[in-house]
Number of protein chains: 2
Amino acid sequence: MDNATSKRNTKQKAAIERVVLSSCDHPSAETVCERVRKELPSVSLGTVYRVLKALALEGRIREISLPNAPSRFDKTTDIHAHFVCLGCGSVTDVNAEESEFLSRTRSALPDWRIEEADIVFKGLCPNCKEIKL
Amino acid sequence: MDNATSKRNTKQKAAIERVVLSSCDHPSAETVCERVRKELPSVSLGTVYRVLKALALEGRIREISLPNAPSRFDKTTDIHAHFVCLGCGSVTDVNAEESEFLSRTRSALPDWRIEEADIVFKGLCPNCKEIKL
DNA sequence: ATGATAATGATAACGATTATCAATAGTGCT
DNA sequence: AGCACTATTGATAATCGTTATCATTATCAT
């Protein structure tokens, strides 16, 4: 329940972690802040950034870095691929057999130590694809 | 030789494209600017950004978006994986059978239209791995 | 050469994120 | 419970990469 980097338990930390763990839509720091404010109206955006960064460092949540867009935060912590819809901006988990891809790549590149992977697909989600057709 | 978006040929555009096409180290906009200044000491960083963006849009070069780091620019325009070394910061092309991975993913997700993919590995390159051991 | 206007250079503005710092509030001790 | 210590907060300024603005310059069809 406790951890090394965080020395004191505050309602802010608890609420921020709770929001990410109960969100399925990969919210940005700003969105997390809005949701936390439903419960704690005075949280500052700075605190949200600070706590999210700490949680990611502790491995309790995952930061999804997106090109030319604010980072999103994910309750799923293992490496997995994401799809960003260029139509609606949604971020979704996709099953791309990324773990197999990762292990293949690792064995193909034995001299490189791969510690992280960001796999981001961009295009149109089923909804937006239908609209554009 | 000519293109649609660009209406006039300037020495700045020519020099900027030449620098990217002759660079093998995936330079950032700032680095491109420094190199162009060897030849055209008065180019502004704004122009470099503007031209790089246009060249990427025209498909003559590729922008590599990296998490929490300035974009790099690449003479290779097709989708391919990159490796960012957490030790020395270098960005390298790696062969990860990414085209096979892409086509597998496309057929696994027929309802999603995948138009782009950013595949970025992070870890230690052979050099830095050796130092850290 | 000349004129229309695209492109430039200088600089301000921007959005996302991080740093600063005085005020607040957990936590261990009595 | 009260108190002291100090980690954490909220407010705000600062930073970084990038984009926008705009007066000046330079390209190119005529």
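For clarity, every value in this text was computed on a predicted model and none was experimentally measured. To find a chain, count down the sequence lines: A is the first, B the second, and so on, and within it residues start at 1.
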Practice prompt. Look at the side-chain N and O atoms of A/Tyr49 and state whether any lies under 4.0 Å from the OP1 or OP2 oxygen of C/dT17.
Written response: yes
### Query
Between the side chains of A/His82 and A/Asp74, does any donor sit under 3.5 Å from an acceptor?
yes
Q) Should the pair A/Lys53-A/Glu63 be classified as a salt bridge under the 4.0 Å nitrogen-to-oxygen rule? A) no
*Counting just side-chain N and O atoms, does A/Thr47 come under 4.0 Å of either OP1 or OP2 of D/dT9?*
no
Under 3.5 Å, is there a donor-acceptor pair between the B/Ser23 and B/Lys75 side chains? no
In whole angstroms, the gap separating C1' of D/dA13 from CG of A/Leu45 amounts to 14 Å
Assess the pair A/Phe101 and B/Phe101: is the distance between their ring centroids shorter than 6.0 Å?
yes
**A/Glu116/A/Arg62 ion pair, N-O < 4.0 Å** = yes
Under a 3.5 Å limit on both distances, the Watson-Crick or wobble mate of D/dT30 is C/dA1
The complete set of side-chain hydrogen bond (donor to acceptor under 3.5 Å, both in side chains) pairs with one or both residues in residues 102-112 of chain A, sequence neighbours excluded, reads A/Glu100-A/Arg104
A/Ile79 and A/Ala117 have their tightest heavy-atom pair at CD1-N, 3.8 Å
OP1 or OP2 of C/dT17 under 4.0 Å from side-chain N/O of A/Lys53
no
Between N or O atoms, less than 3.5 Å apart, protein on one side and nucleotides 26-30 of chain C on the other: list the pairs.
| residue | atom | partner | partner atom | Å |
| --- | --- | --- | --- | --- |
| C/dG26 | OP1 | A/Lys11 | NZ | 3.1 |
| C/dG26 | O3' | A/Asn9 | O | 3.3 |
| C/dG26 | N2 | A/Arg8 | NH1 | 3.4 |
| C/dG26 | N2 | A/Arg8 | NH2 | 2.8 |
| C/dG26 | N3 | A/Arg8 | NH1 | 3.3 |
| C/dT27 | OP1 | A/Asn9 | N | 2.7 |

Does B/Arg50 have a side-chain nitrogen or oxygen under 4.0 Å from the phosphate oxygens OP1 or OP2 of C/dT8?
yes
Item to complete: Would you check, one step at a time, whether the test side-chain contact (heavy atoms from CB on, under 4.5 Å) holds for B/Leu86 with A/Glu115?
Response: CA-CA 9 Å; B/Leu86 299 172; A/Glu115 280 165 2; 3.8 Å; yes
Rounded to whole Å, CG of A/Leu52 lies from P of C/dT18 at a distance of 10 Å
The answer to which of A/Arg37 and B/Glu30 contacts DNA chain D further toward the 5' end, by nearest nucleotide, is A/Arg37
### N/O (side chain, A/Ser44) to phosphate O (OP1/OP2, D/dA11) under 4.0 Å
no
Within residues 64-74 of chain B, the residues having a heavy atom closer than 4.0 Å to DNA chain D are B/Pro70, B/Ser71
Discussion item. Under 3.5 Å, is there a donor on one side chain and an acceptor on the other for A/Asp93 and A/His26?
Written reply: yes
